[in-house]
S.K.: 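Quick one: the structure is below, and I'll ask about it shortly.
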Amino acid sequence: MQITPSSPQTFQVADLQLLAENVYRVILRPHQGRRPDFRPGQYLEIILNDGKACAFSIASTFGQKELELHIQKIPTSINSIELFNALESGHVQIRMPKGRCFLPEGLESAVDKQLVFIAASTGFAQMKSMIEFTLAQPKHPDIYLYWGASSPEGFYLPNLPVYWASPHFHYHPVVSGTTEKDGWQGRQGLLFEAVIDDKDFFTNSEIFISGSPQMVYATFDALLACHFQAEQIHSDVFEYAPRS
Ligand SMILES: Cc1cc2nc3c(=O)[nH]c(=O)nc-3n(C[C@H](O)[C@H](O)[C@H](O)COP(=O)(O)OP(=O)(O)OC[C@H]3O[C@@H](n4cnc5c(N)ncnc54)[C@H](O)[C@@H]3O)c2cc1C
C-alpha cells in the first residue's frame, strides 16, 4: 500500500522529554483528532517558519493516534535551533507520510525470513516502529536489532529492547568509542563489522539500515561483499542521497 503525502497539518506538541544528552522524545497530537496514516518505517517532515522541512522518522507504530519522534538537538545547527523553538511554541506543521523504506505488507508474518534492523543513534526510531508492529503479530520472523552509539549513554531507551526480549528477538548494542571509564562489557567497534560477524544467522533476510549516508553505504558495501543482494537491503538514504 502506498500512502500519498497530505498537505501540511497542525499538530500539538503534547510532550517534549529529554531522554539522554541532546536526545528528546517528542509526542505530537493531531489537532483535528484524525488518526495519522503511515506505514511502519516511514518518516514525516516538520515545516519551519521559513518553509524548510526537517525529516524525522516516526517511532510510534501504525494505528496509534499520537506520533512519537526521537529528535537529536544539534546546538551547531540553525535548523535544529529553529526546530526546537517551534516545538517549544506548542504547535508544529507536519507533512506526512514520507519515504519508501517501510515494512512491506505481509513481511511482518513471513516466518521463513529474518528481519535485520541496523540503526545508528536516532535511527533507532524508524526501527522501533517496524519492530513493535512485527512483534504484535501472532507469528513473526526472527528479528535482529543492531543499535550503534558512540558511547553507552547513546542508547537513549536502554530498557526498551530488553522489554522486547524473546527467543525470536536478538538485540546487539554496539559501542564505537568506549573508554575503560564507561565500564562497557558489550560489543565494541563499527556497527557494520558486528553485523558482518553475525551474517550466517540471517541468510534469508530483509535488511533495513538507518543512519547517515556514509554509515548506510559502508554497511551496504560490506553486505554486498558478503554476497547479500542489493534487493534485500533497504534504506531511506538510497532515495534522498543516491550515489551518482
Ligand atoms: C529521512 C531522514 C530521517 C531522519 N530522521 C531523524 C530522526 O529520527 N531523528 C533525528 O534526530 N534526526 C533525523 N534526521 C536528521 C534531521 O532531519 C536533521 O538533523 C534536522 O533536520 C536538523 O537539520 P540540519 O540542517 O542540521 O541537518 P541536515 O543537514 O538536514 O541533516 C540531514 C542529515 O541527517 C542525517 N540523518 C539521516 N537520518 C538520520 C537519523 N535517523 N538520525 C540522525 N541523523 C540522520 C544524515 O546524515 C543527513 O545527511 C533525519 C534525516 C532524514 C533525511
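This chain uses plain numbering: 1 for the first residue, then up along the sequence.
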S.K.: I want to check something: taking the side chain as every heavy atom from C-beta on, are L18 and V23 in contact at a cut-off of under 4.5 Å?
M.R.: no
S.K.: Going by atom types only, do Q126 and S210 share a side-chain donor-acceptor pair under 3.5 Å?
M.R.: yes
S.K.: Say you draw a straight line from CE of M130 to CZ of R39; how long is it, rounded to the nearest 0.5 Å?
M.R.: 11.0 Å
S.K.: What I'd like to find out is whether the side chain of L103 reaches to under 4.5 Å of the side chain of F208, using heavy atoms alone.
M.R.: yes
S.K.: Output every pair passing salt bridge (Lys or Arg N to Asp or Glu O under 4.0 Å) with a member in residues 68-93, not counting sequence neighbours, ordered by first then second residue.
M.R.: R25-E68, E68-K128
S.K.: Under the rule for side chain to side chain donor-acceptor pair (under 3.5 Å), what residues qualify as partners of E66, not counting sequence neighbours?
M.R.: R29
S.K.: Before giving the answer on side-chain contact (heavy atoms from CB on, under 4.5 Å), spell out for H234 and R100 the whole-Å C-alpha distance, their side-chain angles and the decisive distance to 0.1 Å.
M.R.: CA-CA 9 Å; H234 315 275; R100 280 185 260 166; over 6 Å; no
S.K.: Please check if I27 and Y24 belong to a single hydrophobic cluster, counting links between Ile, Leu, Val, Met, Phe, Trp and Tyr side chain heavy atoms closer than 4.5 Å.
M.R.: no
S.K.: Of the non-hydrogen atoms in A241 and P213, which two are nearest, and what is the gap between them?
M.R.: CB-CG, 3.9 Å
S.K.: Using side chain to side chain donor-acceptor pair (under 3.5 Å) as the criterion, list what pairs up with H140, not counting sequence neighbours.
M.R.: none
S.K.: Could you tell me which residues satisfy ring-ring contact (aromatic ring centres under 6.0 Å, His included) with Y144, sequence neighbours excluded, listed by chain and number?
M.R.: H170, F202
S.K.: Tell me every residue that passes side chain to side chain donor-acceptor pair (under 3.5 Å) with Q214, counting only those two or more places apart in sequence or in another chain.
M.R.: none
S.K.: Tell me which one of I71, L44, L48 satisfies side-chain contact (heavy atoms from CB on, under 4.5 Å) with C54.
M.R.: L48
S.K.: Report the distance from atom CG of N85 to atom OG of S80, rounding to the nearest 0.5 Å.
M.R.: 9.5 Å
S.K.: Just how far is it from atom CD of Q232 to atom CG of N204, taken to the nearest 0.5 Å?
M.R.: 8.0 Å
S.K.: Output yes when a side-chain donor or acceptor of S205 lies under 3.5 Å from a complementary backbone atom of I207, and no otherwise.
M.R.: no
S.K.: What is the distance from atom CD1 of I58 to atom CD1 of I94, rounded to the nearest 0.5 Å?
M.R.: 8.5 Å
S.K.: Do Y171 and W147 have side-chain heavy atoms sitting under 4.5 Å apart?
M.R.: yes
S.K.: Determine the minimum heavy-atom distance between L16 and L87, stating which atoms define it.
M.R.: CD1-CD1, 4.2 Å
S.K.: If you look only at distance, which donor and acceptor atoms sit under 3.5 Å apart when one is on a side chain in residues 150-164 and the other is two or more places apart or in another chain?
M.R.:
| from | atom 1 | to | atom 2 | distance (Å) |
| --- | --- | --- | --- | --- |
| S151 | OG | E153 | OE1 | 3.1 |
| Y156 | OH | H70 | ND1 | 2.9 |

S.K.: Check ring-ring contact (aromatic ring centres under 6.0 Å, His included) between Y43 and all other residues, then give those that pass, not counting sequence neighbours.
M.R.: none
S.K.: Give the minimum heavy-atom separation between L224 and A230, together with the two atoms involved.
M.R.: CD2-N, 3.6 Å
S.K.: Going by heavy atoms in the side chains, are L69 and I46 under 4.5 Å from each other?
M.R.: yes
S.K.: As an exercise, state the distance from OG1 of T122 to CG of L19, rounded to the nearest 0.5 Å.
M.R.: 11.0 Å
S.K.: Which heavy-atom pair separates T203 from Q114 by the least distance, and what is that distance?
M.R.: N-OE1, 3.4 Å
S.K.: Could you please spell out the steps behind the side chain to side chain donor-acceptor pair (under 3.5 Å) verdict for S176 and Q188?
M.R.: CA-CA 6 Å; S176 60; Q188 293 183 35; over 6 Å; no
S.K.: Looking only at heavy atoms, which two atoms of L191 and A119 are closest? And how far apart?
M.R.: CD2-O, 3.4 Å
S.K.: Tell me, do K199 and F228 make a side-chain contact under 4.5 Å, heavy atoms counted?
M.R.: yes
S.K.: Taking a hydrophobic cluster as the set of Ile, Leu, Val, Met, Phe, Trp and Tyr residues connected by side-chain heavy atoms closer than 4.5 Å, whether directly or through intermediates, do I47 and L28 fall within one such cluster?
M.R.: no
S.K.: Under 4.5 Å between side-chain heavy atoms, hopping through other hydrophobics if needed: is there a path connecting V26 to F38?
M.R.: yes
S.K.: Could you pull out all residues at least two apart from F56 that satisfy ring-ring contact (aromatic ring centres under 6.0 Å, His included)?
M.R.: none
S.K.: Between I81 and F84, is the side-chain contact (heavy atoms from CB on, under 4.5 Å) condition met? List the steps.
M.R.: CA-CA 5 Å; I81 293 165; F84 274 83; over 6 Å; no
S.K.: Are F117 and F201 joined in one hydrophobic group, where the rule is that I, L, V, M, F, W and Y side chains link up if heavy atoms are under 4.5 Å apart?
M.R.: no
S.K.: D236 versus V216: any side-chain heavy-atom pair under 4.5 Å?
M.R.: no
S.K.: Quick one: list whatever passes side chain to side chain donor-acceptor pair (under 3.5 Å) with D198, sequence neighbours left out.
M.R.: Y146, R187
S.K.: Please check if atom CG in D50 has more than 12 non-hydrogen atoms from other residues, nucleotides or ligands closer than 6.0 Å.
M.R.: yes
S.K.: How about I209 and M215: do any of their side-chain heavy atoms sit closer than 4.5 Å?
M.R.: yes
S.K.: For atom CD of Q185, decide whether the heavy atoms of other residues, nucleotides or ligands shown that lie under 6.0 angstrom number more than 12.
M.R.: no
S.K.: Using a cut-off of 6.0 Å, state whether more than 12 heavy atoms not belonging to Y240 lie near its atom OH.
M.R.: yes
S.K.: Quick test of your reading: applying salt bridge (Lys or Arg N to Asp or Glu O under 4.0 Å), list the pairs with at least one residue in residues 135-144, sequence neighbours left out, ordered by first then second residue.
M.R.: none
S.K.: Holding to salt bridge (charged side-chain N to carboxylate O under 4.0 Å, His left out), I want the full list of residues that pass it with E21, two or more places apart in sequence or in another chain.
M.R.: none
S.K.: If every non-hydrogen atom of A222 is compared with every non-hydrogen atom of F192, which pair is closest and at what distance?
M.R.: CB-CD1, 3.6 Å
S.K.: Any side-chain heavy atom of P36 within less than 4.5 Å of one from F11?
M.R.: yes
S.K.: Which value, rounded to the nearest 0.5 Å, describes the distance between E132 atom CD and S60 atom OG?
M.R.: 8.5 Å
S.K.: Same hydrophobic cluster for V116 and F133, using side-chain heavy-atom links shorter than 4.5 Å among ILVMFWY?
M.R.: no
S.K.: Do the side chain of T61 and the main chain of S129 share a donor and acceptor less than 3.5 angstrom apart?
M.R.: yes
S.K.: Please, which pairs that meet salt bridge (Lys or Arg N to Asp or Glu O under 4.0 Å) have at least one residue in residues 200-216, sequence neighbours excluded?
M.R.: K113-E206
S.K.: Determine, step by step, whether F124 and L145 satisfy the side-chain contact (heavy atoms from CB on, under 4.5 Å) criterion, reporting the C-alpha distance in whole Å, the side-chain angles of both residues, the deciding distance to 0.1 Å, and the verdict.
M.R.: CA-CA 9 Å; F124 176 74; L145 169 64; 3.9 Å; yes
